[in-house]
Every structure is written in C-alpha cells, then in structure tokens.
Amino acid sequence: MNDSFVHDLKHRYALAPQVYTCCIEDRCVVYNLRKNDCQLLDAGEKQVLDVLMQEDTPPGDVRLSDLMSALTSLVEKDVLVGRASDGAKTGQQNSFPAVKDDLDSYPFDGIPVIGFGHLYRCLRAVLAVRLALWCHSLEQITVRLTRRKLRAVSRGGGGSSFIKTRDLVEVFRILQVLFYSSRDESLFDSLVLADFLASYGIYPEIVWGVSVDPLSLHVWVQGGEVSYNCPLDHVDDFKPIMAV
C-alpha cells in the first residue's frame with residue numbers, strides 16, 4: 001500500500017517554487033520566500049518530504065492514513081503543489097560555500113575616505129529597497145536581483161578587488177547608521193548593502209539561513225567564503241537554506 005502512495009506522490013506532487021528546505025540534524029525546516037516565513041515540519045511531514053525529495057521509501061509499519069494526513073498538511077501549508085503547477089520543483093541542488101571569515105572589523109587604523117558619492121549611493125539604496133519592499137513581493141525582488149547580476153556578468157562585470165570591496169563595506173557600515181538600525185533587520189540590511197555594492201559593480205550573494213533552537217531566520221551578504229555584514233560566530237548559528 002505504501003508503494004502505491006510513493007508512486008502517486010512522485011507523479012502528482014512537487015515542491016512549490018517559492019519553497020526551500022534544509023535539514024538540521026533530524027529536523028526539517030521549510031522556508032516560504034513568498035511569505036518570508038519558515039516552519040519546522042513534524043515527523044510525518046518530514047517523512048513525506050523525504051520520500052519526494054530523496055527517493056526514500058516510508059517504513060512498512062507507517063499507516064497510510066498518517067501519510068495522507070501529512071501530505072494534506074504539506075499541501076495546505078503551500079509546501080507542495082501539483083506537479084503541473086508553473087515552476088514546481090522536483091528537488092533542490094543548493095550549494096553554499098562555508099563562511100570562513102568576515103568583514104566585521106576594519107583592519108587598519110582610522111576609516112576609509114568617505115565622499116558625497118558614497119552618501120548619495122547609500123541613501124539611494126535605502127530608498128530603493130524601501131520602495132521595492134513596499135511595491136513588490138520578496139519573491140519578485142529576488143528574481144530582479146538574479147536578473148541584474150546575470151546581466152552584469154554577461155557584460156563582463158560583477159568582479160572587484162577584495163580591498164575595494166572591504167573598503168566599501170566599511171563605508172556602508174559607517175553610513176548605514178544614519179538611515180536605519182540594522183538590529184533585527186538582517187533582511188533589509190542585506191538588501192540595502194547588496195544594492196549599494198551593485199552601484200559599484202559588485203554583486204555578492206544574499207544568503208538566507210535558519211536555526212531551530214529556537215526556530216529563526218537570518219540573512220547576510222556573502223562573497224565567496226567571506227560574510228560582509230554578519231560576524232562569523234553569528235553566521236555559524238545558522239544553516240543556509242537559499243541564496244540569491
């Protein structure tokens with residue numbers, strides 16, 4: 001009977017396009033980009049998702065009614081959709097380089113030279129992100145960010161020296177406090193920093209991470225193995241679930 005359930009599940013359902021998953025120890029977290037919300041799945045829901053994503057087969061002693069109940073719950077939570085839905089995913093192959101360093105402190109005495117252009121670009125980034133979050137969903141914003149980076153790369157851009165990037169991140173850190181507090185605003189702060197750096201032709205990744213003790217979400221900007229706006233010891237508390 002479970003074999004019939006597995007066959008039906010794989011042919012009728014897929015992961016919703018706006019949903020990302022990761023496992024931390026024996027627990028599974030799903031992040032809904034459209035809702036900007038993360039949830040911890042229960043054991044039954046995780047089992048159904050494992051069958052769909054990892055080719056597992058549920059143990060023979062699991063009741064079909066329990067599997068169907070978990071499947072219904074996943075559909076109601078918008079984690080799974082019909083396979084015919086636009087953008088439905090059959091699996092995820094996300095690869096995230098481990099963070100090994102950060103730019104939490106400036107390595108030289110004093111501060112880098114700050115000009116009016118820096119101030120203008122920082123203010124413009126703050127206003128642009130505020131407007132984007134007001135007018136568009138987070139899902140739409142991430143699509144635009146991806147397209148912007150692809151356009152830059154196709155034109156031969158998207159690269160910069162580490163020294164230039166480090167100086168600009170420090171400039172941003174100094175100017176950012178004039179416009180908003182980054183405390184408990186990791187998403188907004190990361191979007192603004194990414195937009196500020198993009199104005200200089202630098203396109204790092206924005207990474208979403210989750211933790212389960214307690215269940216929480218944190219966002220940071222990352223270039224290679226370096227975190228730009230989050231201390232290394234704090235990044236270590238989260239496991240990446242998606243990146244743009």
Donor-acceptor under 3.5 Å ([X] side chain, [Y] main chain):
X: Lys239; Y: Ser211; answer: no
X: His118; Y: Gly115; answer: yes
X: Glu170; Y: Asp167; answer: no
X: Ser190; Y: Leu187; answer: no
X: Gln176; Y: Tyr180; answer: yes

Start with the C-alpha distance between Lys46 and Asp50, add both sets of side-chain angles, then the distance that settles salt bridge (Lys or Arg N to Asp or Glu O under 4.0 Å), and finish with yes or no. CA-CA 6 Å; Lys46 180 180 182 299; Asp50 285 345; 2.9 Å; yes
Nearest 0.5 Å, please: how far is [atom2] in [Y] from [atom1] in [X]?
X: Phe162; Y: Thr165; atom1: CZ; atom2: OG1; value: 8.0 Å
X: Gln18; Y: Lys35; atom1: CD; atom2: NZ; value: 8.0 Å
X: Leu178; Y: Cys122; atom1: CG; atom2: SG; value: 7.5 Å
X: Thr142; Y: Arg34; atom1: OG1; atom2: CZ; value: 10.5 Å
X: Tyr31; Y: Tyr20; atom1: OH; atom2: OH; value: 9.0 Å
X: Asp104; Y: His234; atom1: CG; atom2: NE2; value: 11.0 Å

Hey, which of [options] is the one that makes side chain to side chain contact (heavy atoms under 4.5 Å, CB included) with [X]?
X: Val19; options: Leu80, Leu74, Val81, Val30; value: Val30
X: Leu168; options: Leu197, Ile163, Leu193; value: Leu197
X: Ser182; options: Asn229, Val192, Asp189; value: Asp189
X: Gln222; options: Asp102, Ile206, Val207; value: Val207

Going only through I, L, V, M, F, W and Y residues with side-chain contacts under 4.5 Å, is there a path from [X] to [Y]?
X: Leu150; Y: Val221; answer: no
X: Ile111; Y: Leu175; answer: yes
X: Leu232; Y: Trp220; answer: yes
X: Ile202; Y: Tyr120; answer: no
X: Leu127; Y: Leu138; answer: yes

Apply side-chain contact (heavy atoms from CB on, under 4.5 Å) to residues Phe196 and Leu191 and explain how you reach the verdict. CA-CA 9 Å; Phe196 175 77; Leu191 290 174; over 6 Å; no
Please find the pair of heavy atoms, one from [X] and one from [Y], that lie closest to each other, and give the distance.
X: Cys38; Y: Leu215; result: O-CD2, 3.7 Å
X: Leu103; Y: Val169; result: CD1-CG2, 3.9 Å
X: Met242; Y: Leu33; result: SD-CD1, 4.0 Å
X: Cys22; Y: Pro240; result: CB-O, 4.2 Å
X: Pro204; Y: Tyr228; result: CB-CE1, 3.7 Å
X: Gly209; Y: Phe238; result: O-CD2, 3.8 Å

In sequence, state the C-alpha distance, the side-chain angles, and the governing distance for Cys28 and Glu45, and then conclude on side-chain contact (heavy atoms from CB on, under 4.5 Å). CA-CA 9 Å; Cys28 183; Glu45 293 168 337; over 6 Å; no
Does Ile114 form a side-chain contact (heavy atoms from CB on, under 4.5 Å) with Leu119? I'd like the steps, not just the answer. CA-CA 8 Å; Ile114 300 176; Leu119 180 63; 5.7 Å; no
List the steps, then state whether salt bridge (Lys or Arg N to Asp or Glu O under 4.0 Å) holds for Arg27 with Asp213. CA-CA 11 Å; Arg27 289 173 285 187; Asp213 293 316; 3.3 Å; yes
Residues Tyr13, Val75; criterion side-chain contact (heavy atoms from CB on, under 4.5 Å); working and verdict: CA-CA 9 Å; Tyr13 296 96; Val75 173; 3.8 Å; yes
Result of checking Arg124, Arg121, Arg144, Arg148 against Asp195 for salt bridge (charged side-chain N to carboxylate O under 4.0 Å, His left out):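 Exactly one pass, corresponding to Arg148.
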Any heavy-atom pair between the side chains of Ile141 and Val244 that's under 4.5 Å?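 Side chain of Val244 against side chain of Ile141, heavy atoms only: no contact under 4.5 Å found.
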Quick one: does NZ or CZ of Arg151 land under 6.0 Å from the six-membered ring centre of Tyr203, within 45 degrees of the ring axis?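 Geometry flag: not set, cation outside 6.0 Å or 45°.
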Any carboxylate oxygen within less than 4.0 angstrom of a Lys/Arg side-chain nitrogen, looking at Glu205 and Lys149?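 Result for this pair is no, no salt bridge flagged.
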